[in-house]
Amino acid sequence: MTEEPIRVAPRTRGAHRTITEALAVAPAGAVISVAPGEYAESFRLARRVTLLPQYGNGSVTIAVPLAAGPLTVAAPDCRMRGLVLRGADPAEALLRVEDASGLTLEDCVVSHGRVEVLGSRNLTARPEVPVGTIPLDNDLSAELADPTAGGVLVTRRTRLRAARHTALHLTGDALARLDDTAIEGVEGIGVAVSGSAVLRADLLRVHGGSGSALRARDSSRVLLRGSGLFGAGRNGVLVQDAAEALLTDCRVENAARSGVRLDHTARAEINESTLAGARLSGVEVRDQARVMARGARVTGGETGVRLRSTEESLLFYCTVTGQQGNGVELSAGADPRLRGVRVARSGKHGVFVGEGASGTFDHCDVIASALPALHVARDAAPRFRGCRVFDSAHDLGLGEGAHAVFENCVAINVGSPRLPGLDRGHGGPEHWPTHGPGQDRRRRPRDRDHDHDRNRDRDQGPAAAAPRPTATASTAERREDEYEDGPTQESLPELLAELDELVGLDGVKRDVSGLVKLMQTVRMRQEAGLPAPPLSRHLVFAGNPGTGKTTVARLYGRLLSALGLLSRGHLVEVDRSALVGEYIGHTGPKTTEAFEKAMGGVLFIDEAYALTPAGVAQDFGSEAIATLVKLMEDHRDEVVVIAAGYPGEMSRFISSNPGLASRFTRSLHFADYSTEELVSIVEHNARRHRYQLTDGARKALTGYIGAIPRGDGFGNGRTARQLFQQMTERQAMRVAELTNPEPDALMSLDENDLPVTGLTA
């Protein structure tokens, strides 16, 4: 039987007047229920207890007096739920979890004072087990119940506000887990971790602050997932000494210095994360520190990735775009490995290899650099294998005494090409060729050395390069395959023929063909040194479901890639759920992430009108639209956006924002398929799967489709595909009853294979 909670209510008979009084008589495991109000006191939790408000979160404030000292937890498995804790001096400790004690904060607000979690101060060397192998999903329940080492803190849906120096400090061998926790308005560091402490955070958000959002020192370790660090006054993440950090699916934005900075012998893994708008560098690595990044996106700032360490850093399939200075910069002694890295729109060099630096660059792309895309300084000795330079005035600058090696590298649409290659002869460097505009840009033969390295990494596992978190291994392998040889360059006539083969869509085909001719002219003017006319490549696809919008969008991206107007031409399909967040501050990063996945290709927004729901004045969809409009302007030459949906709804969507109306100036109408066209789609599917329609089946199919109601649930091409599937299923049931059927029987679809009732979608 559950015991009644101990009550605290200053004006109620039979209840304790203060929380301190209640704690004095509370046994281990007691629940203390506090009446609404403000309590000016401080106390020490010497036994396992739970403190919670009697009526709702936020109704109880514990205001700690200036001279009273912090609220102290000195027992395992204590809990505070729904309380407001307020200090008198933001520079002092407000809440302290002592060594071998544990506390859970749920739905609390802690303001004007820091939270401390203490542990043994005996420093240890860097643990042999890397940070990437620490289980991030450990909820620390066992450690809370029996904290045999340092103090343990778990926060859920909690806010830390208005502290000075730091909001949360872990020392010694303390442990902490922060779930859906926000840190705001700190005059100093958001979270400081030292000693051998371990911090796990899921959906942590740190906003502002005059110092770094998060700093790890000594041999501490930090694991962040799905977290955001915004507007730090110094660095987003600062890792020093022998500390380690793991960032997975995180965002670090607008740091006043670097997004992630590593000093001394620090280590960091950055997986599928975005580092945007840092004033100095997205990633900066110094001394003997090392970073391993997979699928990271670094945008804006002075320098994208600055490597000054003599240790080998690894960057696999990352994107570095829009820097004012160099995209990737190597200093003396740096010897990193980069594979599948894409560097675009650098204000200076895409890749700058400084004096005495080296490094290996495998199948990397450098696009639209203001200065020579690749610069190799005096005594530098990098190796470039299978790399490509696009859309730059100069592809290569070499300092005196540079010892660069180039294998199977090409330049595409480069004004003054110098990159060495293998096509002009078979002799020494004097025969090194370069590919300029108009030369062959089809798939290159695979680099055998690259294959050897790639297979070695896969066969030997993490020891071959650096630790790989298991959560992203499959993603990394897919990206590795995707970049293995670079995209296949398709010919324009073949793609136009593929467009022409689509069933129906006569008006759409004319519109797309006209756009292709227009863009061919634009491209020719650019290559002739003439200014390009104003041209918006973004489109509205208006039509009912199943009318081929996604198919044409995918083909449109491939056409633009063949024209050299998109670097990849791939299609990323999203809808409202992929763009709009669930809480304030979530939508912008979510929309940006989807947009960046489409970099170099097409972002296809299905049912785009759902971003502006009719009759709803306040909706996060408007934030997604505003973010899209800005991104479309900032990356107008790198991404094509196609908004698709019902014709009537799309007009409302475009008129909802002036920025949309100015960017979506062309609409393509996808008409419903006629009965004859739907029959052709069924026949096309049949041929692809080696079936044949009998004359009777074709006649019956025409009548069957003609009788299907063309209401809101009608699926057009999807209806035809479903109908073909149903026919094959019915044919299979029919043929299964035959003994030794002839091949013709296995291939034939007749009128008996049509379903009995019509389709709804």
Side-chain angles (χ1 to χ4, degrees), residues 91 93 96-99 114-132 134 136 149-153 160 163-178 181 183 186-201 204 206 209-224 227 229 232-247 250 252 255-270 275 278 280-281 283-292 308-309 311 313 467:
R96 176 177 294 151
V97 181
E98 293 189 342
D99 196 0
R114 71 177 175 274
V115 177
E116 295 181 343
V117 187
L118 308 182
S120 170
R121 294 185 179 275
N122 295 326
L123 298 180
T124 62
R126 184 199 309 278
E128 293 183 3
V129 177
V131 67
I134 297 176
L136 180 56
V152 181
L153 172 70
L160 311 183
R164 188 176 301 156
H165 304 316
T166 184
L168 172 62
H169 190 189
L170 309 182
T171 66
D173 53 355
L175 299 175
R177 179 177 183 88
L178 312 179
T181 295
I183 298 176
V186 180
E187 294 182 39
I189 300 169
V191 182
V193 189
S194 61
S196 57
V198 177
L199 169 69
R200 297 169 171 87
L204 168 67
V206 182
S210 60
S212 297
L214 188 150
R215 185 186 71 186
R217 299 184 63 181
D218 303 323
S219 58
S220 62
R221 289 176 287 180
V222 172
L223 299 89
L224 305 180
S227 298
L229 312 176
R234 292 175 73 86
N235 303 290
V237 178
L238 175 61
V239 190
Q240 298 178 305
D241 304 320
E244 294 183 283
L246 169 64
L247 282 70
C250 293
V252 183
R257 293 195 176 179
S258 294
V260 174
R261 174 172 160 172
L262 310 180
D263 291 339
H264 311 124
T265 61
R267 302 285 187 263
E269 295 183 27
I270 306 173
L275 313 173
L280 296 182
S281 303
V283 178
E284 183 171 5
V285 185
R286 299 178 172 221
D287 307 319
Q288 287 80 49
R290 184 173 72 183
V291 67
M292 196 280 281
R308 299 181 173 183
S309 170
E311 291 292 306
S313 289

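Note that the structure is a prediction, hence the values are computed from the model and not measured. These values consider heavy atoms only, across backbone and side chains, with no hydrogens, waters or symmetry-generated copies.
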- Spacing of CD belonging to Q240 relative to CG belonging to D287, to within rounding of 0.5 Å: 9.5 Å
- Query: Closest heavy-atom contact between E311 and Q288?
  - Reply: CG-O, 3.0 Å
- Message: Return the CZ to CG distance between R215 and N235, rounded to the nearest 0.5 Å.
- Response: 11.0 Å
- Tell me, with the steps shown, if L275 and V283 meet side chain to side chain contact (heavy atoms under 4.5 Å, CB included). CA-CA 8 Å; L275 313 173; V283 178; 3.2 Å; yes
- Message: As an exercise, state the distance from NE2 of H169 to CD of E116, rounded to the nearest 0.5 Å.
- Response: 7.5 Å
- Query: Which heavy atom in D99 sits nearest to a heavy atom in G150, and how many Å separate them?
  - Reply: OD1-CA, 3.1 Å
- Taking all non-hydrogen atoms of both residues, which atom of L280 and which atom of S258 are closest, and how far apart? CB-OG, 4.2 Å
- Item | Sole residue of L229, I270, L246, L136 in side chain to side chain contact (heavy atoms under 4.5 Å, CB included) with L224 | L229
- Is a side-chain donor or acceptor of T166 paired with a backbone partner of L168 at a separation under 3.5 angstrom? yes
- Check R234 against S210 and note the closest heavy-atom contact, atom names and distance. CG-O, 3.7 Å
- Give, for atom OG of S313 and atom CZ of R308, the distance between the pair rounded to the nearest 0.5 Å. 13.5 Å
- Return yes if some donor-acceptor pair links the side-chain N/O of T265 with the main-chain N/O of D241 below 3.5 Å, else return no. yes
- Message: Can you confirm whether V252 sits close enough to L247 that some side-chain heavy atom of one is under 4.5 Å from a side-chain heavy atom of the other?
- Response: yes
- May I ask you to check whether over 12 heavy atoms, not counting those of R286, lie within 6.0 Å of atom CZ? yes
- Message: Counting C-beta onward and ignoring hydrogens, is there a side-chain heavy-atom pair between I134 and R200 closer than 4.5 Å?
- Response: yes
- Message: So which atom in A278 and which in R257 form the shortest heavy-atom distance, rounded to 0.1 Å?
- Response: CB-O, 3.5 Å
- With no hydrogens and no angle check, is any side-chain donor or acceptor of S194 less than 3.5 Å from a backbone partner on R217? no
- Message: To the closest 0.5 Å, what do you measure between CG (L118) and OG1 (T171)?
- Response: 4.5 Å
- Checking side chain to side chain contact (heavy atoms under 4.5 Å, CB included) for the pair L238/D263: CA distance, chi angles, key distance, verdict? CA-CA 8 Å; L238 175 61; D263 291 339; 3.9 Å; yes
- Task: Go through R267 and E244 one step at a time and tell me if the salt bridge (Lys or Arg N to Asp or Glu O under 4.0 Å) criterion holds.
- Result: CA-CA 5 Å; R267 302 285 187 263; E244 294 183 283; 5.9 Å; no
- Please answer whether the main-chain N or O of V115 pairs with a side-chain N or O of R96 as donor and acceptor at a distance below 3.5 Å. no
- Minimum side-chain heavy-atom gap V260-V291 below 4.5 Å: no
- Task: State, yes or no, whether a side-chain contact exists between V117 and L175 at a heavy-atom distance under 4.5 Å.
- Result: no
- Task: With the side chain counted from C-beta on, respond yes when V131 and V198 share a heavy-atom pair under 4.5 Å apart, and no when they do not.
- Result: no
- Message: Nearest 0.5 angstrom please: D173 CG to S196 OG, how far?
- Response: 5.0 Å
- Message: With a 4.5 Å cut-off on side-chain heavy atoms, are L199 and L178 touching?
- Response: yes
- For residues G236 and A213, report the shortest heavy-atom separation together with the two atoms involved. O-CB, 3.2 Å
- Task: Compare all side-chain heavy atoms of S281 with those of R261 and state whether any distance is below 4.5 angstrom.
- Result: no
